[in-house]
2 protein chains.
Amino acid sequence: MTTAETLTASLEDYLEAIFHIIAEKRAARPKDIARRLKVSNPSVTGALRLLAKKKLVNYAPYDLVTLTGKGEEAARDVIRRHEVLRDFFVKVLAVEQDVADKAACKMEHSIPGVILERFIQFAEFVEVCPRGGSKWIAGFGYHCDYDSAMENCEKCIAQALEEVKKKKRQGGKKKMPVTKLKDIPPGGKCKVNRVAAGKASSRIIEMGVVPGALIEVEKIAPLGDPIDIKVKGYHLSLRKEEADGIDVTPLNAR
Amino acid sequence: MTTAETLTASLEDYLEAIFHIIAEKRAARPKDIARRLKVSNPSVTGALRLLAKKKLVNYAPYDLVTLTGKGEEAARDVIRRHEVLRDFFVKVLAVEQDVADKAACKMEHSIPGVILERFIQFAEFVEVCPRGGSKWIAGFGYHCDYDSAMENCEKCIAQALEEVKKKKRQGGKKKMPVTKLKDIPPGGKCKVNRVAAGKASSRIIEMGVVPGALIEVEKIAPLGDPIDIKVKGYHLSLRKEEADGIDVTPLNAR
DNA sequence: ACAAAAAGTTAGTCATACCTAAAATACATC
DNA sequence: GATGTATTTTAGGTATGACTAACTTTTTGT
Ligand SMILES: [Mn+2]
Ligand SMILES: [Mn+2]
Ligand SMILES: [Mn+2]
Ligand SMILES: [Mn+2]
């Protein structure tokens, strides 16, 4: 089970920083951590000793720092909270990137799991629901920028009406388009239709790749082998054989 | 100007507690504060000395505690953040009341002003936008409760289509209904059309009661004199003469 | 190889924010 | 008005989390 040892906000930030530095270089030097978190060197030494005591980092004086398994798990969890909040602020609330990022890194330490999941679900709902969608969210941008908020309401309604009608016509004529996950381009989003029961299916199902789930494709390696996706805020790397068993409906063209 | 002395999360919570206790009784006793915040008595004494040093509370040993003007302003600010977050969690994200409240009281200390305003604006946008609305938000409830999310999508779209059409017909035939603020019942919401330029208009305009603003009526006193409203997260108490100058469009019937 | 520079650690300080135990004060009641 | 109880404060302690100054170790350049 996931040990729920409570970490302080400060220690979570150290873990987060160490993870990111390791992702860039191979291991983290205390100096890098200090620079990134804008604290003094002795502060880093202190934090590393606390983290080592909790078995979250491998640390010996004058040595490079790496994360233990437990530490990486904890770091990923912090980063997930950070990214979910940041993305909600940017994509739903139309907040500026760097403001959103700073706020996310402050709030990530106090958001309960239930509410984090709701942030994800809401963003997905907006994406998926015919009454929501990116065009509707764009309307919120207007609502923020111009004080005379819903001036162009007429236009917005007409458009929504059109789209709903079109969707209905399409829905009546032909089936929803079904593709393989590998055919979704990087940056594209899709909804899972079916996960073929294969050897590796249990792992991906556990991570949230189930029928109905929203997937964002992040990166596809040259030969299509590791496909990086994001599901419910989790970054996942799928092997070709895993991805091949996933049938999806593309969502890009709304 | 509002002195932006940075308060710690802990001190903000003390201010918040003191404000609420004073609202219930006349003044706050350290014991009340300790009970409410679930800390020991000496912790309260310590906090009160810090707050007194910052001129936020009137405090003398063994005496009752009251807020200074500055202290009340700071307390109201914390409470506004708390309520805005809580209401967003409950009304938009469909989070349970007490979970939302606890989370709000943790996150209120780290949310930047810009994002707080966006939370308010988004909730208002959902309320006001013809593509949003309470029925649409209810759809998010389904999306959360049932895994087979948008099963009843067809119905939802049809309904939305109907409403948009009806709105359009109404819009073509007759003018938007205009009422006085005093005619909105407690719990009702409305949009400000016009604020008559009177003696007291500058105060309420400063607080955000401007054309286009969304108002929620909270309480109307027996003779209609103090009308308690909420605008952009601020609780306001309007005198009859102030309320009389405010023309609104009711929003209840969507 | 060795000195200088850079990086890292230790030691010691300070502020917040809790706590318990003990002393002081206020109040309530007989 | 004495006395007991509840409240409040003081005293003293712990833990986090930051800092500076001084020391040690490692790295780097010649
Ligand atoms: Mn972060
Ligand atoms: Mn952070
Ligand atoms: Mn609060
Ligand atoms: Mn709080």
Side-chain angles (χ1 to χ4, degrees), chain A residues 5-18 21-22 24-67 71 74-75 78 102 105-106 108-110, chain B residues 4-18 21-22 24-66 71 74 78 102 105-110:
Chain A
E5 281 192 44
T6 40
L7 283 170
T8 62
S10 172
L11 291 187
E12 284 193 339
D13 279 339
Y14 279 104
L15 279 183
E16 204 184 10
I18 293 166
I21 293 166
I22 290 177
E24 284 162 26
K25 319 189 172 191
R26 221 182 66 265
R29 283 150 61 227
K31 197 67 202 277
D32 301 325
I33 303 170
R35 195 180 14 250
R36 190 173 187 111
L37 293 180
K38 288 181 185 142
V39 295
S40 68
N41 268 353
S43 300
V44 175
T45 307
L48 287 177
R49 275 212 290 247
L50 286 174
L51 289 172
K53 204 163 64 185
K54 291 175 192 289
K55 309 271 188 197
L56 295 167
V57 298
N58 303 116
Y59 168 68
Y62 295 104
D63 212 355
L64 291 175
V65 179
T66 52
L67 291 168
V78 181
K102 283 199 195 88
C105 206
K106 285 194 293 173
E108 73 197 0
H109 310 291
S110 49
Chain B
E5 281 192 45
T6 39
L7 283 169
T8 61
S10 171
L11 291 187
E12 284 192 341
D13 279 340
Y14 279 104
L15 280 182
E16 203 185 11
I18 294 166
I21 292 165
I22 290 176
E24 284 163 26
K25 319 190 172 190
R26 222 182 66 265
R29 284 149 63 228
K31 196 65 199 281
D32 302 324
I33 303 170
R35 192 175 22 246
R36 193 174 185 108
L37 294 180
K38 289 181 185 142
V39 295
S40 68
N41 271 352
S43 300
V44 175
T45 307
L48 287 175
R49 276 212 290 248
L50 286 174
L51 289 172
K53 204 163 64 186
K54 292 175 192 288
K55 308 271 187 196
L56 296 168
V57 298
N58 304 115
Y59 168 68
Y62 295 104
D63 212 355
L64 290 176
V65 179
T66 53
V78 180
K102 284 199 194 90
C105 206
K106 285 193 292 173
M107 299 174 75
E108 72 197 2
H109 310 291
S110 48

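Order of the sequence lines fixes the chain letters, A, B, ..., with proteins taken first and strands second; residue numbering starts at 1 for each chain. These values consider heavy atoms only, across backbone and side chains, with no hydrogens, waters or symmetry-generated copies. Here the structure is a predicted model, which is why all the values come from computation and not from measurement.
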Colleague: Using whole Å, report how far CG of Leu7(A) lies from C1' of dA15(D).
Modeller: 15 Å

Colleague: Please list, chain by chain and in numerical order, all residues satisfying side chain to side chain donor-acceptor pair (under 3.5 Å) with Glu12(B), sequence neighbours excluded.
Modeller: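 In terms of side chain to side chain donor-acceptor pair (under 3.5 Å), with neighbours along the sequence ignored, Glu12(B) is linked to Arg81(B), His109(B).
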
Colleague: What is the distance, rounded to the nearest whole Å, between atom NZ of Lys38(A) and atom P of dA18(D)?
Modeller: 14 Å

Colleague: My understanding is that only residues two or more places apart in sequence, or in another chain, count here; which of them pass side-chain contact (heavy atoms from CB on, under 4.5 Å) with Ala52(B)?
Modeller: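 Checked Ala52(B) against side-chain contact (heavy atoms from CB on, under 4.5 Å); matches are Val57(B), Tyr59(B).
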
Colleague: How long is the line joining CG of Leu51(A) and P of dA15(D), in whole Å?
Modeller: 17 Å

Colleague: Quick check: do Ile18(B) and Leu56(B) have side-chain heavy atoms less than 4.5 Å from each other?
Modeller: no

Colleague: Are any of the side-chain heavy atoms of Tyr14(A) and Leu48(A) separated by less than 4.5 Å?
Modeller: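 Tyr14(A) does not reach Leu48(A) side chain to side chain.
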
Colleague: Determine the contact category for Ser40(A): base if any of its heavy atoms lies under 4.0 Å from a base atom, sugar-phosphate if only primed atoms, P, OP1 or OP2 are that close, otherwise nothing.
Modeller: base

Colleague: I need the full list of side chain to side chain donor-acceptor pair (under 3.5 Å) pairs touching residues 49-58 of chain B, with sequence neighbours left out, sorted by first then second residue.
Modeller: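 Of all non-adjacent pairs touching residues 49-58 of chain B, those that pass side chain to side chain donor-acceptor pair (under 3.5 Å) are Asn58(B)-Thr66(B).
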
Colleague: Can you pull every protein N or O that's under 3.5 Å from an N or O on nucleotides 7-9 of chain D?
Modeller:
unit_1, atom_1, unit_2, atom_2, d
dT7(D), OP2, Lys31(B), NZ, 3.2
dT8(D), OP2, Lys31(B), N, 2.7
dT9(D), OP1, Tyr59(B), OH, 2.3
dT9(D), OP1, Tyr62(B), N, 3.2
dT9(D), OP2, Thr45(B), OG1, 2.9
dT9(D), O4', Tyr62(B), OH, 3.4

Colleague: Show me the protein contacts with nucleotides 2-4 of chain D, counting only N or O atoms at under 3.5 Å.
Modeller:
none

Colleague: Could you walk me through whether Lys102(A) and Cys105(A) pass side-chain contact (heavy atoms from CB on, under 4.5 Å), step by step?
Modeller: CA-CA 5 Å; Lys102(A) 283 199 195 88; Cys105(A) 206; over 6 Å; no

Colleague: Looking at Ser43(A), does any N or O in its side chain come under 4.0 Å of the phosphate oxygens OP1/OP2 on dG17(D)?
Modeller: no

Colleague: Tell me, please, which residues at least two apart from Asp63(B) pass side-chain contact (heavy atoms from CB on, under 4.5 Å).
Modeller: Ala60(B)

Colleague: Under 3.5 Å, sequence neighbours excluded: what are the donor-acceptor pairs made by side chains of residues 30-42 of chain A?
Modeller:
unit_1, atom_1, unit_2, atom_2, d
Asp32(A), OD1, Arg29(A), NH1, 3.2
Asp32(A), OD1, Arg35(A), NH2, 3.0
Asp32(A), OD2, Arg29(A), N, 3.2
Ser40(A), OG, Ser43(A), OG, 3.1

Colleague: Rounded to the nearest Å, what distance is computed from the CG atom of residue Leu11(B) to the P atom of nucleotide dT16(C)?
Modeller: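 After rounding, the reported distance stands at 8 Å.
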
